[in-house]
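For reference, the structure discussed in these notes is given below.
These numbers were taken from a predicted model, which means no experiment stands behind them. What's counted below: heavy atoms across the whole structure, side chains too, no hydrogens, waters or symmetry copies. Counting from 1, the numbers follow the sequence of the chain as shown.
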Amino acid sequence: MELPEVVLILTLVIFTICVTADCANDVTAGVYLRCPRGLQFRGQQLATVTGRSHVDCAARCSRTSGCMGVNVCLDEQSGHVTCSMMTTFNSGGCDGLTDAGSQSCFYVQSSAAGDGGTPEIVCENGGTASGGQCLCPPQYGGATCQRLVRDCAEIYENGYQDSSYDGIYDIQPVGKATAFKNWATLKAGINLPPATMDDEFFIGLENLHQLLLQGEYQLVVYAEWSSGSGSRGSAYYDNLNIGTEDTKFELSYDSFRADVDKPIDNGFPTTSGPIKFYTNDMDFMCTMSSGGAGWFVSSCTSKGKIFTATMQWPVSGVTQQLDLVQLSLTRTLAIADP
């Protein structure tokens with residue numbers, strides 16, 4: 001018999017790929033009780049929305065005023081998730097729920113709705129219970145240490161805080177040549193750990209896609225150049241998404257903003273259509289004319305060139321040749337475990 005599970009949802013408005021102590025601000029937490037699959041709660045419905053994943057439903061409930069719980073249902077064919085948020089709650093916790101008619105559905109209830117009979121916590125993978133929570137080994141995370149950690153920030157959040165870290169974990173080479181790497185190489189990644197950051201390094205398109213499915217992340221672009229005034233700047237892309245390989249790892253985001261003090265332009269504008277990734281063995285003419293692989297619109301143009309022999313980025317309407325470009329991720333919303 002499947003037992004209820006305690007699910008911890010964190011709503012974060014902090015730098016969490018940035019893992020320095022100064023980042024730990026404005027954290028709110030809520031404990032949720034996830035009930036067994038195949039059961040749902042028949043109560044007063046607040047709203048029904050479509051989520052990006054079943055854990056996204058729980059995150060939406062945590063951000064919605066008056067939401068006491070959510071019935072979650074996954075459509076196996078489309079991959080879409082229906083989130084039915086409830087304004088009432090089940091006083092029995094997971095007891096007395098009704099048959100959902102599908103094992104792809106389950107009910108999650110907020111602790112704000114009252115004590116629903118939360119079970120005694122049992123830790124996995126070498127975790128130890130303390131004060132109703134699990135203290136996990138560095139490589140494991142989740143409410144019961146049931147899975148591998150999702151990103152570097154989670155290791156820090158779990159209490160492993162090494163002062164030797166500089167707080168930035170790169171996903172893209174810093175001044176390293178990656179021009180004309182083939183599709184398989186850039187999909188898999190270049191010199192993944194335990195390689196040192198002095199090596200040519202890239203996290204890999206598939207790894208980046210999977211990482212971004214686990215929460216909402218902000219892409220931070222930092223660039224330096226020699227010509228003109230200023231010589232450095234930053235920009236931010238909220239809720240970055242990288243599609244599947246079938247979409248050619250299409251890049252999208254909710255909004256763009258430049259740093260107020262040291263701005264740079266949008267290197268990934270979506271006004272000309274979807275932005276897809278190409279390599280020399282996927283679109284030879286496109287990458288040859290641009291000087292290497294990267295994200296391009298349908299017209300084979302790219303303003304932000306970071307995988308080319310000569311890295312470029314637009315600044316105040318002028319294309320600057322870069323001495324350095326650094327891409328890093330900030331987790332802005334952590335979502336519940338499945």
Side-chain angles (χ1 to χ4, degrees), residues 1-12 14-21 23-24 27-37 53-56 58-59 62 72 93-94 103 106 108-111 115-171 188-189 191-197 201 203-204 206-217 329-338:
M1 177 180 178
E2 184 181 359
L3 296 176
E5 176 182 330
V6 176
V7 177
L8 180 65
I9 295 177
L10 293 178
T11 304
L12 307 178
I14 60 173
F15 289 91
T16 52
I17 288 295
C18 169
V19 296
T20 57
C23 298
V27 181
T28 59
V31 177
Y32 278 65
L33 179 68
R34 193 190 77 173
C35 297
R37 294 183 180 275
S53 67
H54 54 292
V55 291
D56 188 30
S62 72
V72 180
C94 293
Q103 289 298 307
F106 62 89
V108 176
Q109 182 164 291
S110 169
S111 62
D115 184 5
T118 300
E120 181 181 354
I121 196 163
V122 177
C123 304
E124 305 172 51
N125 295 310
T128 56
S130 176
Q133 296 181 334
C134 287
L135 303 178
C136 303
Q139 69 271 37
Y140 290 101
T144 61
C145 312
Q146 76 277 14
R147 56 166 174 76
L148 293 173
V149 291
R150 289 171 168 158
D151 52 36
C152 302
E154 189 170 21
I155 301 174
Y156 187 87
E157 294 163 0
N158 287 347
Y160 297 93
Q161 301 173 6
D162 189 336
S163 60
S164 65
Y165 294 155
D166 64 4
I168 298 293
Y169 290 85
D170 298 307
I171 63 172
N191 281 334
L192 299 182
T196 70
M197 289 306 296
F201 171 81
I203 191 174
E206 182 63 33
N207 290 333
L208 188 56
H209 163 68
Q210 295 294 338
L211 173 66
L212 294 173
L213 289 177
Q214 300 177 124
E216 292 183 8
Y217 290 81
L329 291 174
T330 295
R331 180 165 18 99
T332 54
L333 176 65
I335 53 183
D337 292 311

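- The side chain to side chain contact (heavy atoms under 4.5 Å, CB included) test applied to Glu206 returns Lys187, His209, Gln210, Phe249, not counting sequence neighbours.
- Taking 4.5 Å as the limit, some side-chain heavy atom of Arg331 sits within range of a side-chain heavy atom of Asp151.
- A cation-pi geometry, defined here as NZ or CZ lying under 6.0 Å from the six-membered ring centre and within 45° of its normal, holds between Arg34 and Phe106.
- Between Leu148 and Tyr140, the closest side-chain pair of non-hydrogen atoms falls below 4.5 Å.
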Problem set entry | Intermediate values then yes/no, disulfide bond (SG atoms under 2.5 Å apart), Cys136 and Cys123 | CA-CA 8 Å; Cys136 303; Cys123 304; over 6 Å; no
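- For the atom pair CG of Asn125 and CD of Gln139, the computed distance is 8.0 Å after rounding to the nearest 0.5 Å.
- In this structure, the separation between CD on Glu124 and CD on Gln146 is 6.0 Å, given to the nearest 0.5 Å.
- Residues Leu329 and Leu208 are in side-chain contact: their nearest non-hydrogen atoms beyond the backbone lie under 4.5 Å apart.
- Under the 2.5 Å SG-SG cutoff, Cys94 and Cys35 qualify as a close cysteine pair.
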